[in-house]
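Numbering of ligands and ligand atoms starts at 1, following listing order. We're numbering straight along the sequence, starting at 1. Hydrogens, waters and symmetry mates play no part in the numbers below; they use all other heavy atoms, side chains included.
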Amino acid sequence: MAEEIEAARTEAPWQRGLSGVSESRDGSAGAPLSLAEALKRPQAGDGERLATGFSELDRLLGGGVLPGQVILLAGPPGIGKSTLILQAAASLGSKRRFLYVSGEESREQVLGRARRLALSSERLFLLSETNLASILAHAEKAAAEGLVIDSIQTIFHPELPASPGSVVQVRECAFALLARAKAAGLPLFLLGHVTKDGALAGPKLLEHMVDTVLYFDSERQGALRILRATKNRFGPTDEIGLFEMGAEGLRDVPEASSFFRFGASDDPVAGRASSISIEGTRPLVVQVESLAVYTRYPLPRRMATGIDLNRVLVLLAASEKHLRLKLENQDVFVSLAGGLKLKDPAIDLAVCLSVASALSDVPIGPEWALVGEVGLLGQLRSVSHLETRLKEATRAGFRRALVPSRSVKGLPGKAAVGLELVEARDLASAAKAVLQGS
Ligand code: TYD
Ligand code: MG
């Protein structure tokens, strides 16, 4: 790989530009422009947003796709990238002429998939091709107003000696496509495979070039797919999009809370606690499960799934001190349902009390939603968007919520949130309210 990069630096025949692909690399061809004049011009983010047919994808993009926007969609093989973008392109094709280029599948295969998904669009064109020059020529000929490249790792620049998927090929093909997209105002989707541990470098090296980077993943085997924007020049990056893969392809999952709960049963079980997390603007009911067992190791084990282990260690220390839990001879395992990975500190309280519940073998009633950040001194800190969280808790059927006293002041009125609010200042009083008498 190092050799390829070196070769690219010294030989660089493609820097002359591929015939017919000679726009400047960032697509900003033209003379220097005064700032004042430039500011009067419409900018990329001002354009008309095109809906993709998926409300989850549109929300993640900040309202839809913009002309000239270059979007990298990366994810492990088989996760549903081709399916997502074929469906989106069919929908976008009702407004613009889209060219879907597959370097992985024959046109018949793509057609077969489109047929199975019952997609139809007058203005979506399918092409099976890996040669960049030919792709650009076809895009021109078809007067494409939008382009999908599936996947960037299969495309090759004919003037480059390196093989498709190599660093040089991936980068140079992406440059040429990006230049075309920017110059012509075409939305461009680049699909790329990454392995679970991110071992494949391809998509990574494109991140700085594109406007938007989307990662598609499912943490667990199952139908739910999670789409995250890790970079977005024209929209938010903290949102997640949720999709379900079914026989008819992917569909939006706007109401997702049920996916992040362990089982459907509402029987109280020691070690389980619920909370309401916020991902971007979306409230999600999440469940934490903890297991504490007598250790056989000199150094007790601590494991966390879905939450940062270091944070769990701090919360365990706070619980030992302020709830007087005896954890020094216990292995402790903490897990978040549904394969989510959360950073929201509002679930701290649920983590601490699920451990307390596991250790004491006293279940937490299923009517409780526990919301609060836990400080080192055992105090409960207020959390953002409390009202949104409580509304979601009510909607999901919780009847009581434990919230930090500090947060309650800002609430519009208890009646408005629709469930009984119990305030606590600190971990100890929270544990007393929830774990006693259950
Ligand atoms: P695909 O979009 O080909 O994944 P990627 O492009 O990320 O490699 O999706 C592949 C998987 O999705 C495959 O295992 C079959 C499954 N699938 C369905 O379950 N339902 C469907 O309607 C379609 C089209 C695919
Ligand atoms: Mg694919």
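- Between the Mg ion (ligand 2) and T83 there is no N/O/S contact shorter than 2.8 Å.
- Every atom of ligand 1 is numbered from 1 in the order shown, and the set under 4.0 Å from a heavy atom of G246 is 18 (C), 19 (O), 20 (N), 21 (C), 22 (O).
- Ligand 1 has no atom lying under 4.0 Å from any heavy atom of S151.
- The ring of F125 has its center no closer than 6.0 angstrom to the ring center of Y100.
- Residue S82 touches ligand 1 through backbone and side chain together, judged by heavy-atom distances below 4.0 Å.
- Within the listing of ligand 1, atoms 1 (P), 2 (O), 4 (O), 5 (P), 7 (O), 9 (O) sit less than 4.0 angstrom from a heavy atom of G80.
- R113 and T83 form a side-chain donor-acceptor contact under 3.5 Å, judged by distance and modelled atom types alone.
- Distances from atom 18 (C) of ligand 1 to the heavy atoms of M245, H193, Q109 put M245 nearest.
- Residue contacts with ligand 1 do not include G75, since none of its heavy atoms lies under 4.0 Å from the ligand.
- Less than 4.0 angstrom separates some heavy atom of A247 from each of these atoms of ligand 1: 22 (O).
- The contact set between ligand 1 and P77, taken as ligand atoms under 4.0 Å from a residue heavy atom, comprises 8 (O).
- There is a protein heavy atom closer than 4.0 angstrom to atom 24 (C) of ligand 1.
- Using a 4.0 Å cut-off between a side-chain N of Lys or Arg and a carboxylate O of Asp or Glu, R123 and E145 do not qualify as a salt bridge.
- Contact annotation: for L117 versus ligand 1, heavy atoms closer than 4.0 Å belong to the side chain alone.
- Side-chain polar atoms of H208 and K231 form no donor-acceptor pair below 3.5 angstrom.
- Each of the atoms 1 (P), 2 (O), 3 (O) of ligand 1 lies under 4.0 Å from some heavy atom of R113.
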Go through the steps to decide whether T237 and N232 satisfy the test side chain to side chain donor-acceptor pair (under 3.5 Å), and finish with yes or no.
CA-CA 6 Å; T237 51; N232 200 353; over 6 Å; no
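- Taking atom 22 (O) of ligand 1 as the reference point, the nearest protein heavy-atom neighbour is G249 N, 2.9 Å.
- Within a 4.0 Å radius of atom 11 (C) of ligand 1, the protein contributes one or more non-hydrogen atoms.
- Among all non-hydrogen protein atoms, the one lying nearest atom 8 (O) of ligand 1 is G78 N, 2.7 Å.
- Between E56 and R282 a salt bridge is recorded (basic side-chain N to carboxylate O distance below 4.0 Å).
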Test D252 against R59 for salt bridge (Lys or Arg N to Asp or Glu O under 4.0 Å), laying out the working first.
CA-CA 11 Å; D252 288 311; R59 195 164 42 79; over 6 Å; no
Derivation and outcome, side-chain contact (heavy atoms from CB on, under 4.5 Å), residues L435 and S357:
CA-CA 7 Å; L435 287 168; S357 160; 3.8 Å; yes
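- No more than 12 heavy atoms of other residues, nucleotides or ligands sit less than 6.0 Å from atom NZ of K343.
- Remark: minimum distance from atom 2 (O) of ligand 1 to any protein heavy atom is reached at T83 OG1, 2.5 Å.
- Looking at R301 and D331, no side-chain N of the basic residue comes within less than 4.0 Å of a carboxylate O on the acidic one, giving no salt bridge.
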